[in-house]
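Notes to accompany the following structure.
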Amino acid sequence: MPLSVKHSRRTPVRLALPWLMGTVPLLLGLFILHWQAERELHARAWQTAEQALAQFNLMLDNVAASTELLLPLAGQPCDGVKLALREQVTRRPFVRSTNVAYKHHLYCNSLFGDYSETINPADYVDGKLRLMHGNPITPDQALLVYRQSMGEQTAMASLDGFHLANALRMIGQGEDLVLQVGPVWLSADGAVHDTPVPAYAVAATSRVSGRYPFSVHTGFAEGEPWRLMMAHYPALFGLLLFFGILTGGVCHWILMRPRSPHQELQRALEANEFIPFFQPVVRGEQSHWAGAEVLMRWQHPREGLVRPDLFIPLAEDSGLIVPMTRALMQQTAAQLAPHADAFEDGFRIGINICASHCQDLNLYDDCRAFLAAFAPGRVTLMLELTERELILPTDTTLLLFEKLHELGVLIAIDDFGTGHSSLAYLRQFNVDYLKIDQSFVATIGVDTLSGHLLDTIIELSAKLDLGIVAEGVETTEQKDYLLQRGVDFLQGYLFGKPLPLNEFIALLANQPDKTTNTLHPVAN
Ligand code: C2E
Ligand code: CA
Ligand code: CA
């Protein structure tokens, strides 16, 4: 039963929406966490670089203080100054060796005393600082040499690479931190590199010393924000996942919860799922197709084709029958109009109308719009009103029927014989046709009492000058019986079942004999 279907709207969008609603908060949360982690890494890198800068400035301050002191001694004989050189090594923190030179000739060293080596000031960045892989005494031990000169006098002091690398390790604490002096740089493992300084993918930060010609660089490798997130925010991850699943679940529940029949019908109406089927109405001995009754079907996405008696009563109760009928009339006109050439003149299109559709004049507009889709005279519209649901004769309904007749629309009482319509009623609404209920037709040749009733209805219609349609004709015996009694139009499985448009049009085109279809004269 389509109206109790729980998950009747499994369109791709509806299936995808809960996933979307679930993943959006998750992704948004992850994005924010990632952004937060990046910010934290940037702050950390900045702090690291600042600390390293301060530490190396401090170290070099010590070294510079010793060269400051030794500079005036440069040029004096080594024997006289070597003690002062050694004193600086001993007393100054970080100072590993001291030297004095005169006219670019290094002649005295704190370790050896007399020494001889030519110095090229160009080897020193800004003439002041040089980061070396090692020296002849410790070839594999990095060292940073600070040079201070005044005229011909030069004093130099070296700082052990061990202290520098140690500082890089201690301050860096896991992240990469290097010290750059000119074209070379020192890494935390104590090695000096003459390649370009590493380019860090995340939070790359550089700080240049304002006092000495060196800089420090730090940053993180690709993926570090994710590693940080994994390590620091596992609870938030769990929370995000929880909210993602919750949002997705709630969305799924909202979309898939059972809908009320009214909502389900409303949805189906918006999705154009109510479609017309056409059952031929035939005429005369030859049974040529003189018209069709439009019967609504629900093309349900899951349940397939649904019979009208399963949903029409609900549509009537919910008030949706009126827009549904209107949509059906529009669809019918749009579908039949291109094939109207195959119709006889006055081809009768029967539409089932319920009482609530007759409470205002909108039905008049609906019929006018329907007829406007066809050339004048090509089709005759017949509204079928079931006898079980009689319309109250108010001013509006009487005016409506009057206007409908002016438009050439015929009124038929459907299922005639099952309700209580009086003669006065038939006259009041100016009824044109009676549709004999199929239960009477089914009794032909079977039940004499009902057969008598059928005959009475046929006679009555003749007396009242009403046209007559017999529905539910299934056998040739029924057909012959009705034709003998002058019943104008016949409808039933004997001639054709309700069909979708293409099949109906294909069969209509194959009709052998098309004589002119003039309507039974009706008393108006
Ligand atoms: P109805 O207006 O009396 O329509 C005739 C019903 O009898 C149709 O059933 C048709 O398929 C069926 N029928 C036709 N020939 C034979 C036959 O030889 N033997 C048998 N056993 N049945 C035959 P369907 O299409 O299931 O429609 C059922 C009812 O639903 C209709 O009865 C009508 O009251 C209602 N209905 C259908 N479409 C609409 C619509 O668009 N609007 C409204 N308000 N009601 C509709
Ligand atoms: Ca009908
Ligand atoms: Ca009927």
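Since the structure is predicted, the reported quantities are computational estimates derived from the model, not experimental observations. As the structure lists them, so they are numbered: ligands from 1, and atoms in each ligand from 1.
Inspection of the His262 and Asp317 side chains reveals no N or O donor paired with an N or O acceptor under 3.5 Å. Under 3.5 Å, the side chains of Glu270 and Gln266 contain a donor-acceptor pair of N or O atoms. For the residue pair Asp455/Tyr481, the side-chain donor-acceptor check at 3.5 Å is satisfied. Between the side chains of Ser356 and Glu316, no donor N or O sits under 3.5 Å from an acceptor N or O. Under 3.5 Å, the side chains of Asp415 and Thr386 contain a donor-acceptor pair of N or O atoms. A donor-acceptor pair shorter than 3.5 Å can be found between the side chains of Asp432 and His405. With no hydrogens or angles considered, a side-chain donor-acceptor pair links Asn352 and Glu293 at under 3.5 Å. Between the side chains of Gln180 and His217, at least one donor-acceptor pair of N or O atoms lies under 3.5 Å. If you check the side chains of His42 and Thr205, you find no donor sitting under 3.5 Å from an acceptor.
Listed for the Tyr425 side chain is a donor-acceptor partner under 3.5 Å among the backbone atoms of Ile391.
Contact between Glu293 and ligand 1 is present, with at least one heavy atom of the residue lying under 4.0 Å from the ligand. Within the structure, the closest approach of Thr386 to ligand 1 does not fall below 4.0 Å when heavy atoms are considered. Ligand 1 does not have His357 within reach: every non-hydrogen atom of the residue lies 4.0 Å or more from it. Distances shorter than 4.0 angstrom occur between a heavy atom of Asp414 and an atom of ligand 1.
Neither the backbone nor the side chain of Gln478 comes within 4.0 Å of ligand 1, counting heavy atoms alone. Contacts with ligand 1 closer than 4.0 Å are made by no heavy atom of Asp437, backbone or side chain.
Considering just the N/O/S atoms of Glu293, the one nearest the Ca ion (ligand 2) carries the name OE2. The name of the N, O or S atom in Asp415 nearest to the Ca ion (ligand 3) is OD1. If you look at Glu471 and ask which of its N, O or S atoms sits nearest the Ca ion (ligand 3), the answer is OE2.
Remark: minimum distance from atom 38 (N) of ligand 1 to any protein heavy atom is reached at Met296 N, 3.0 Å. Of all protein heavy atoms, the one closest to atom 11 (O) of ligand 1 is Pro498 CG, 3.3 Å. Among protein heavy atoms, the minimum distance from atom 19 (N) of ligand 1 is reached at Glu474 OE2, 2.5 Å. For atom 40 (C) of ligand 1, the closest non-hydrogen atom on the protein side is Asn352 CB, 3.7 Å. Looking only at heavy atoms of the protein, atom 15 (N) of ligand 1 is closest to Gln279 NE2, 2.9 Å. Here the heavy atom of the protein found nearest to atom 27 (O) of ligand 1 is Pro308 CG, 3.2 Å. In terms of protein heavy-atom proximity, atom 12 (C) of ligand 1 is nearest to Gln438 NE2, 3.8 Å. With hydrogens left out, the protein atom closest to atom 5 (C) of ligand 1 is Glu471 OE1, 3.9 Å, a heavy atom.
Between Arg307 and ligand 1, no pair of N/O atoms sits closer than 3.5 Å. Among the atoms of Glu384, none of the N or O lies under 3.5 angstrom from an N or O of ligand 1.
Backbone or side-chain N, O or S atoms of Asp414 reach the Ca ion (ligand 3) at under 3.0 Å. In summary, an N, O or S atom of Asn352 is located under 3.0 Å from the Ca ion (ligand 2).
Taking the six-membered ring for Trp and the full ring otherwise, Phe274 and Phe311 have centroids separated by under 6.0 Å.
When Tyr493, Phe277, Phe274, Phe495 are ranked by how near their heavy atoms come to atom 13 (N) of ligand 1, first place goes to Tyr493. Of all the listed residues (Thr418, Ile351, Leu295), Leu295 holds the heavy atom that lies closest to atom 31 (C) of ligand 1.
The aromatic rings of Phe343 and Phe347 lie parallel to each other, with less than 30° between the two planes, well short of the 60° mark.
Salt bridge Glu459/Arg485: absent, no basic N to carboxylate O contact under 4.0 Å.
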